[in-house]
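The structure displayed is predicted, hence computed values, not measured ones.
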Amino acid sequence: MLLFFTLGLLVHVVFFASIFDIYLTSPLVHGMTPQFTPLPPPAKRLVLFVADGLRADTLYELDANGNSRAPFVRNIIMHEGSWGISHTRVPTESRPGHVALIAGFYEDVSAVAKGWKENPVEFDSLFNESKYTWSWGSPDILPMFAKGASGDHVYTYSYNAKREDFGTHDATKLDTWVFDNVKDFFHAARKNQSLFSKVNEEKIVFFLHLLGIDTNGHAHRPSSREYKDNIKKVDDGVKEIVSVFKQFYGNDGKTAFIFTSDHGMTDWGSHGAGHPSETLTPLVTWGAGIKYPEIVSAQQFDDNFLKEWRLENWKRRDVNQDPAFQVTYKLTFSIVYKPRSAPHLQADIAPLMASLIGVPFPLNSVGRLPVDYLNGTDHFKAESVFTNAVQILEQFKVKMAQKKEVTLPFLFTPFKFLSDSEQLNILRKARSYIKQGKFDEVVSLCEELIDLALKGLSYYHTYDRFFLGINVVIGFVGWTSYVSLLIIKSHSNLTRDVTKEVKKPSCLLLCSFGAIGILVAVFLLIQACPWTYYVYCLLPVPIWYAVLRQFQVIQDVVASLLTFPLSRFVGFLLVFTLGIEVLVLSFFYRCMLTAGLIAFAGWPFLTQLWTQAKITSLSWTFFSLLLAMFPLMPVVGREPDISLVMGAGLLVLLLSLFVVTSLIKRKNSLVKEELLVHLLQMLSTVLSMYVVHSTHSSLFKKQGLPLMNQIVSWATLASSLVVPLLSSTILFQRLFSILLSLMSTYLLLSTGYEALFPLVLSCLMFSWIHMEQELLHQSGVSCKQKLTSTQFSYNTDIAQFRQLCLDDIRRAFFLVFFLLTAFFGTGNIASINSFDLASVYCFLTVFSPFMMGALMMWKILIPFVLVMCAFEAVQLTTQLSSKSLFLIVLVISDIMALHFFFLVKDYGSWLDIGTSISHYVIVMSMTIFLVFLNGLAQLLTTKKLKLHGKPKSHLT
């Protein structure tokens, strides 16, 4: 059994990893030649302000009194520069946003494994191409551009990471620090001849990263006074810095300014997904080389923003509104998608900045130059767009050469829309138009070339996707078939009339699969494929060999099915298919969980359970309907409601008092020890309630997270997996002890109604255990022990394990459904912005993506653990081996995973693409986690620790 689970885990890890090779590989290539505009640039220097987490609507709109929150920036829009909306791409996180702005491409997803901080793949950037770059801001953002730069010309000045605290003083101090240090820098430059010489060079960049708005948004939400006041602070700071530049450089008119944001923020203070409040960011530009404001009478935008912001007469220039989806915006930020092609948005700012100061376009940039922002001559615009096209075409050529080099000539299929002759033809024609002064034609032709080159890049980037996908699917189907045959052979009666002796496999079969494996390996070797390709392509060979070795079982199954009534077989198949589809749909529509739970509530009335166990049936129905309410509640956007957390804690205490009372009535030598454990857990619950209330109050007063609260929180978390081991191993006592310990931690991680979820879920689990034993009684299977005396440490003789029946498929389905309810019952973890950072404030408030992510993941897993512990009890009471039921669960999960593998998209909006991939990752992770959580559940339910003395053996 251990060997089987090890192999199963290995197979699922391979299938899980395949999605990263198929869909999430790095798009970057290296070896291109730098390209820059040959004409003199309009600016000598560039100042880039990035207000982290700033929403477009909050900046541009007027307040209740009709005044702007950013009067200086609004004055720029009306009198000095150009403005618009920059459309960001998922994931709307700080690192990917800054990479898009400064390097011009969309972040490699592998960066998430490093917390969006380090460089998983080296890339070129505007800073690297500049003569010098000085940057001030967060230590999470600045180092990645300095580390990726060649030479020593990118200088960074960062504050201590501990300043990024969501719970203490006003986060505007982060922005004040940046502004003060920039002013001190120029003051020092007047006295330092070397520094003075550097800052007077051409092709230099100054980058100001302003994190205060993002921090205040997380801590207080974008509708808060703190968030809006921070915008005013930033506006004042920008005004001061612009004044400093004008004074230092003698108002020489050679400075270009760009003010934008890396991403927006939802109303509930999070970001990461594709809601318009996250993807719409402001862009305001002015200074050298930038167009002045243009007064217009009408503008072609399908939204009401211009009227709401009272900017309808000032021309709005959006940076390449995402061609992947034309968006119809409402005042409520609702969105309608109309698919088109070539999605490029925020990355367009990188070529704009490069063009303004005359540095080579970042080598990996896929941004399109927004010509409408430039104030230069038509000749300069044409040359700039031509340079942009050649720079992207260079990437296409390198990508094509790399793929051609490792593909057999007769198998290589080039991108037919951009052949070598077509490339030469377009470039010659564009250069001819420039000589003839037909600059508008040049712009149009180069934009067409950029479109083709980007499509070609995508084509070669996904060249092996179909080939790898087919191999993974073959392996998937083979593995599922093998597990199904194993269930039928070892745990059912379908093959009872056939000998189960393992026959020696045919030599021909072994030789055939050996030859196939050798041919596949040689084919991959000739094409110089990565080692991972060998894994994906060779793994199906031994899997299908194992399947075909069971040919006798396959024959027996077919023979058994032929004797089965057709109507019943079709009926069971339809019910099973419907159940799988409900599970799959629950990933998209949480209401499917509600529908499923309502159906579960009516289950006792379809059986004889209602007449024979009314109290058990009523409790099952009641808690099913109660749990069905949670998926209907809002996932995100809710305000913290500590009273609900306190209410959940009080319910836990009342339930604990009931259990303690029942323990006192019992006369047993172990009662004192049990009472001590329960009292300890009740004390932990009380402390958790106090810490939640105290922390919320302290953060509201901006006094930070009290140290004692932090110590208690971490101590509660650490003890939550140890204290249950001190309780009795009697079934319900151990399960209740696990609930109490995990609820203490869950209360600390809760901000509202979700605190009630594990309590209701556990009550339903207790009812499930009773229901399953009642059904077992009905089926005529005698139980050796009653539930009140059954112990998890009770060692059932293997001879007592019964064979699987159709009802066991229903039990396995229930487990998978409850696991999905545990996942999605209070949120949708497929969406990054479903998480509320306030959930971890009892543990830490200083930004730490890995630690915060780990705490949120444990919050998700707590209901999961409760379900798995209840499943252990179900297996024990129904006299089934853990292996047999687990195998059915494995088959159901794998069928779901295969569903999501086919549903993975590489087209449409980037939100749809990301969601489809995350669904597959979640269901595969669930399958892998099942193995570990099954072990954790066994540890929590069966192990027993003693407070003192020698351990006493339990009666069997």
Hey, is the main chain of [Y] close enough, under 3.5 Å, to the side chain of [X] for a donor-acceptor pair?
| X | Y | answer |
| --- | --- | --- |
| N471 | V535 | no |
| Q527 | L524 | no |
| T37 | L39 | no |
| H98 | S94 | yes |
| Y373 | I290 | no |
| N364 | F123 | no |
| T281 | H87 | no |
| Q35 | P360 | no |
| K203 | G358 | yes |
| D262 | G53 | yes |

Ring geometry between [Y] and [X] (parallel below 30°, tilted from 30 to 60°, perpendicular above 60°):
| X | Y | result |
| --- | --- | --- |
| F207 | H209 | tilted |
| F206 | W134 | parallel |
| F396 | F415 | perpendicular |

If you count heavy atoms of other groups shown closer than 6.0 angstrom to [atom1] of [X], is the number above 12?
| X | atom1 | answer |
| --- | --- | --- |
| Y460 | OH | yes |
| K403 | NZ | yes |
| E405 | CD | no |

Decide side chain to side chain contact (heavy atoms under 4.5 Å, CB included) for F901 and I22; before the verdict, give the C-alpha distance in whole Å, the side-chain angles of both, and the deciding distance to 0.1 Å.
CA-CA 11 Å; F901 188 83; I22 297 173; 3.9 Å; yes
[X] and [Y]: side chain donor to acceptor below 3.5 Å:
| X | Y | answer |
| --- | --- | --- |
| S384 | S355 | yes |
| E129 | S125 | no |
| H271 | D214 | yes |
| H263 | D52 | yes |
| T133 | S130 | yes |
| Y533 | D464 | yes |
| D894 | H12 | yes |
| S419 | S421 | yes |

Over-ring placement of R431 relative to F386, 6.0 Å and 45° cut-offs
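The answer is yes, since R431 meets both limits relative to F386.
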Could you check Q395 against V398 for side chain to side chain contact (heavy atoms under 4.5 Å, CB included), going step by step and ending with a plain yes or no?
CA-CA 5 Å; Q395 296 180 70; V398 171; 5.9 Å; no
So which heavy atom on [X] is nearest to which on [Y], and how close?
| X | Y | value |
| --- | --- | --- |
| I434 | H379 | CG2-NE2, 3.9 Å |
| L363 | D124 | N-OD2, 2.9 Å |
| R95 | I141 | N-CD1, 4.1 Å |
| S261 | Q346 | O-NE2, 3.2 Å |
| M924 | A897 | SD-CB, 3.5 Å |
| P362 | I102 | CG-O, 4.0 Å |

Single hit among I922, I19, V584 for side-chain contact (heavy atoms from CB on, under 4.5 Å) with F900
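Among the candidates, only V584 passes.
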Test applied, side-chain contact (heavy atoms from CB on, under 4.5 Å); reference residue, L283; option that passes from L101, I258, I85:
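Testing L283 for a side-chain contact (heavy atoms from CB on, under 4.5 Å) against L101, I258, I85 leaves exactly one candidate, I258.
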Please table the atom pairs, donor to acceptor, closer than 3.5 Å between any side-chain atom in residues 512-523 and protein atoms at least two apart or in another chain.
| from | atom 1 | to | atom 2 | distance (Å) |
| --- | --- | --- | --- | --- |
| S512 | OG | L508 | O | 2.7 |

Between [atom1] of [X] and [atom2] of [Y], what distance do you get to the nearest 0.5 Å?
| X | Y | atom1 | atom2 | answer |
| --- | --- | --- | --- | --- |
| I450 | I392 | CD1 | CD1 | 4.5 Å |
| K416 | Y459 | NZ | OH | 9.0 Å |
| K397 | L418 | NZ | CG | 9.0 Å |
| T285 | L46 | OG1 | CG | 10.5 Å |
| F467 | C529 | CZ | SG | 6.5 Å |
| L454 | H461 | CG | NE2 | 13.0 Å |

F380: ring-ring contact (aromatic ring centres under 6.0 Å, His included) partners, not counting sequence neighbours:
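For F380, no residue satisfies ring-ring contact (aromatic ring centres under 6.0 Å, His included) once neighbours in sequence are set aside.
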Test of understanding: with ring-ring contact (aromatic ring centres under 6.0 Å, His included), list the residues that count as partners of F15, not counting sequence neighbours.
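With neighbours one apart ignored, the set is F476.
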Any side-chain heavy atom of [X] sitting closer than 4.5 Å to one from [Y]?
| X | Y | value |
| --- | --- | --- |
| S458 | Y463 | no |
| S86 | I349 | yes |
| L525 | Y534 | yes |
| W544 | I474 | yes |
| L48 | V50 | yes |
| R45 | V205 | no |
| I357 | E202 | no |

Is it true that E394 and K399 have a side-chain N and a carboxylate O under 4.0 angstrom from each other?
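Salt bridge absent between E394 and K399.
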When you check the gap from the basic side-chain N to the acidic O, do R368 and D348 get nearer than 4.0 Å?
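A salt bridge is absent here (no side-chain N lies under 4.0 Å from a carboxylate O).
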Should L427 and L449 be marked as a side chain to side chain contact (heavy atoms under 4.5 Å, CB included) after you check the CA-CA gap, both sets of side-chain angles, and the distance that decides it?
CA-CA 9 Å; L427 292 175; L449 178 58; 3.8 Å; yes
Audit row: L352, L356, side chain to side chain contact (heavy atoms under 4.5 Å, CB included) steps and yes/no:
CA-CA 6 Å; L352 172 64; L356 287 171; 4.3 Å; yes
As a quick check of understanding, evaluate side-chain hydrogen bond (donor to acceptor under 3.5 Å, both in side chains) for Q436 and S432, giving each step before the final call.
CA-CA 6 Å; Q436 297 172 30; S432 173; 2.8 Å; yes
Let's go through F587 and H919 carefully: what are the C-alpha distance in whole Å and the side-chain angles of both, what is the deciding distance for ring-ring contact (aromatic ring centres under 6.0 Å, His included) to 0.1 Å, and is it a yes or a no?
CA-CA 7 Å; F587 278 73; H919 284 161; 5.5 Å; yes
